[in-house]
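The basis for the numbers below is simple: all heavy atoms, side chains too, and nothing from hydrogens, waters or symmetry mates. One-based numbering, in listed order, for ligands and for the atoms of each. By convention here, the first residue in the shown sequence is residue 1.
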Amino acid sequence: MPVRRHTANIVLALTKKFAVWCLFTLGTGLGCGIVVDGRLIEGSHSHGAMSGHITIDVRDDARICPCGQPGHLEAYVSGVAPGEAAVEFMEDGRKTSLNSRIESGAMLTPLVIAEEAAAGDALSLELVLDTARYLAVGNCEHDAHDRPGCRAVGGGINFGGPDSPLGRRYLDAIREEVSRRHSPFRRSRQQLIMLRSAAMPAT
Ligand SMILES: [Zn+2]
């Protein structure tokens, strides 16, 4: 089944099944949609679910979001975030097979990092799992006010998606972190699913 039809079918099914559910999409940025009673929350200026700009890091040296503010979720999970984190680790002397990829002319894209993680590079796997944990922290911000019955994760950056061992490990890491941060306001079980993407982008 084509990916767009697959995604559309899932969106319809989730809207029928859950009074409140959220969709997060990771690409060059972080997109989010919140559906309540079948309607997408628009808010002022169509910014109803600007979850990429939730603050998750209040340290003085927090990463700077593309919007210019420090510590926003998007700065930790967007397409460039794993590569930027990799550079920081390598500058601190971490050994990684990413060095040889750089020497051969590759950019530190999520695809390259996923390939090295799947091949057994510890730092690359750490970067994938860090992305999962940061996304989970941002996800949990919705618990207190929206109480979604389901969270769906989509977009081009999914580290192989639900059909790959690394993609499933990434999804499990999100689940584990969400579970660890269980909100006292959440009274029912939540589902977390990953949508298939057409392809992992090169950026
Ligand atoms: Zn921001």
Side-chain angles (χ1 to χ4, degrees), residues 7 11 20-36 39-92 107-114 123-124 126-148 150-159 161 170-171 173-178 180-181 183 185-186 190 192-195 197 200-203:
T7 302
V11 166
V20 182
W21 70 278
C22 302
L23 170 64
F24 292 84
T25 58
L26 271 68
T28 52
L30 172 65
C32 178
I34 302 173
V35 178
V36 178
R39 299 187 64 179
L40 183 67
I41 299 299
E42 287 282 352
S44 301
H45 311 292
S46 296
H47 291 172
M50 292 286 280
S51 296
H53 305 287
I54 289 171
T55 299
I56 64 163
D57 190 344
V58 297
R59 295 175 300 177
D60 291 339
D61 61 349
R63 293 183 201 158
I64 303 299
C65 180
C67 77
Q69 294 297 318
H72 287 182
L73 177 60
E74 185 168 309
Y76 292 79
V77 300
S78 71
V80 299
E84 290 179 347
V87 170
E88 292 171 7
F89 280 118
M90 288 189 286
E91 287 176 348
D92 287 341
M107 302 285 286
L108 292 181
T109 64
L111 174 59
V112 167
I113 291 169
L123 177 59
S124 295
E126 188 175 321
L127 294 167
V128 171
L129 299 182
D130 280 350
T131 302
R133 283 190 284 271
Y134 288 130
L135 185 60
V137 171
N139 267 242
C140 289
E141 291 300 311
H142 290 291
D143 275 3
H145 43 93
D146 300 319
R147 301 182 197 176
C150 178
R151 297 181 173 94
V153 179
I157 297 172
N158 59 13
F159 302 108
Y170 167 69
L171 186 61
I174 300 173
R175 282 199 180 102
E176 287 168 14
E177 191 66 28
V178 167
R180 201 171 69 83
R181 295 173 179 274
S183 165
F185 304 107
R186 199 176 69 194
Q190 293 171 308
L192 177 65
I193 65 171
M194 182 186 285
L195 307 184
S197 61
M200 188 179 290
T203 57

Practice task
Heavy atoms only: give me the nearest L30-G52 pair and the separation to one decimal.
Solution key: CD2-CA, 3.7 Å

Problem - Inter- and intrachain pairs under side chain to side chain donor-acceptor pair (under 3.5 Å), touching residues 74-84, at least two apart - result: D57-Y76

Problem - Pairs involving residues 62-72, ordered by first then second residue, that meet side chain to side chain donor-acceptor pair (under 3.5 Å) (sequence neighbours left out) - result: H53-H72

Handout entry: All side-chain hydrogen bond (donor to acceptor under 3.5 Å, both in side chains) counterparts of S124, not counting sequence neighbours
Key = D121

Problem - Main-chain N/O of N139 paired with R151 side-chain donor or acceptor, under 3.5 Å - result: yes

Problem - A136 backbone acceptor or donor facing R181 side chain under 3.5 Å - result: no

Exercise for the section: Taking 2.8 Å as the upper limit, name the protein N, O or S atoms near the Zn ion (ligand 1). Expected result: H53 ND1, C65 SG, C67 SG, H72 ND1

